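These notes concern the structure reproduced below.
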Amino acid sequence: MTSKRAAFVIALVLSLAALLGLAWAANVEDELKKLETDRAAAVVKGDVATLEKQTSDDYTLINVNGQMSGKSQMVDAFKSGKTKLTTDELSDMKVRVYGNTAVITGKATVKGTIGGKDVDGQILFTRVYVKKGGSWQSVAFQQTRVGNE
């Protein structure tokens, strides 16, 4: 094999690897956006089983009211009705993947109660997912109310 031919083959293999890497990243991004959208739908439905399955046992939540809680407190708030959203519409989601960790930022329009307090408006959020045992689980969630300026 001539050196030109070898260089061409190497360049071709590297190009294909780069394209496959981009396709993989796009698939993971789409998977995580769907997971986040499904989670928002579960919140509105009060589907505690889905929330429990998608949430890591060491989960940390900081809600729009500045209250911090863990998985069991979050689940209990949905079960008791202290947290109940009738609307949770997501937009402007951006996904960044770092191996088995992913960060999603975005905006949500919400209506209902969070932590026993009425909410109606927009929030910005950051959620961190970690891939555990082959599936993504939420390990942290931070919400910030968008100001009315």
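Quick caveat: nothing in here was measured; it's all calculated off a predicted structure.
With hydrogens and angles ignored, the 3.5 Å screen pairs a side-chain donor or acceptor of Thr113 with a backbone N or O of Lys82. At least one donor-acceptor pair under 3.5 Å links the side chain of Asn65 to the backbone N or O of Ile114.
Using a 4.5 Å heavy-atom threshold, the side chains of Val44 and Thr86 count as separate. Counting only heavy atoms from C-beta outward, the side chains of Val43 and Lys84 never approach each other to under 4.5 Å. Proximity of Ile123 to Thr144: side-chain heavy atoms (C-beta onward) are nowhere separated by under 4.5 Å.
Within a 6.0 Å radius of NZ in Lys33, more than 12 heavy atoms belonging to other residues, nucleotides or ligands are found.
Atom CG of residue Leu35 and atom CG of residue Asp30 lie 12.5 Å apart, to the nearest 0.5 angstrom. In this structure, CD on Glu52 lies 11.5 Å from CZ on Phe78, to the nearest 0.5 angstrom. The OG atom of Ser72 sits 9.5 Å away from the NZ atom of Lys79 when rounded to the nearest 0.5 Å. The distance from atom CD of Glu31 to atom NZ of Lys131, rounded to the nearest 0.5 Å, is 5.5 Å. Separating the CD atom in Gln73 from the CD atom in Gln67 is a distance of 11.0 Å, to the nearest 0.5 Å. Atom OG of Ser138 and atom NZ of Lys53 lie 14.5 Å apart (nearest 0.5 Å).
Residues Val48 and Met74 share a single hydrophobic cluster, defined by chaining ILVMFWY side chains whose heavy atoms lie under 4.5 Å apart. Hydrophobic clustering of Ile, Leu, Val, Met, Phe, Trp and Tyr side chains at less than 4.5 Å, counting indirect connections, unites Val64 with Leu90. Following chains of ILVMFWY side-chain contacts shorter than 4.5 Å, one cannot reach Ile62 starting from Val75, and the two form parts of different hydrophobic clusters. Leu61 and Val139 are not part of a single hydrophobic cluster, where members link through side-chain heavy atoms under 4.5 Å apart.
A salt bridge between Lys34 and Asp38 is present, with a side-chain N of the basic residue lying under 4.0 Å from a carboxylate O of the acidic one.
Heavy atoms only, all atoms of each residue included: Asp88 and Ala108 are closest at OD1-CB, 3.7 Å. Here the closest heavy-atom approach between residue Thr83 and residue Gly115 is recorded as OG1-N, 3.1 Å.
Under the 3.5 Å distance criterion, with hydrogens and angles disregarded, a donor-acceptor pair is assigned to the side chains of Lys132 and Ser56. If you check the side chains of Arg39 and Thr55, you find a donor sitting under 3.5 Å from an acceptor.
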Just do the side-chain contact (heavy atoms from CB on, under 4.5 Å) check on Met93 and Phe125 with the steps written out, would you?
CA-CA 9 Å; Met93 282 192 287; Phe125 68 88; 4.0 Å; yes
side-chain contact (heavy atoms from CB on, under 4.5 Å) for Val97 and Val28? Distances and angles first, verdict last.
CA-CA 8 Å; Val97 179; Val28 170; 3.7 Å; yes
Does Val119 form a side-chain contact (heavy atoms from CB on, under 4.5 Å) with Leu85? I'd like the steps, not just the answer.
CA-CA 9 Å; Val119 293; Leu85 295 182; 4.0 Å; yes
Stepwise side-chain contact (heavy atoms from CB on, under 4.5 Å) check, Val103 with Val95:
CA-CA 6 Å; Val103 178; Val95 178; over 6 Å; no
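When the options Asp76, Asp58, Thr60, Asp57 are evaluated for a side chain to side chain donor-acceptor pair (under 3.5 Å) with Lys71, the one that passes is Asp57.
Between Tyr129 and Trp136, the angle of the ring planes goes over 60°, which puts this pair in the perpendicular group of the 30/60° scheme.
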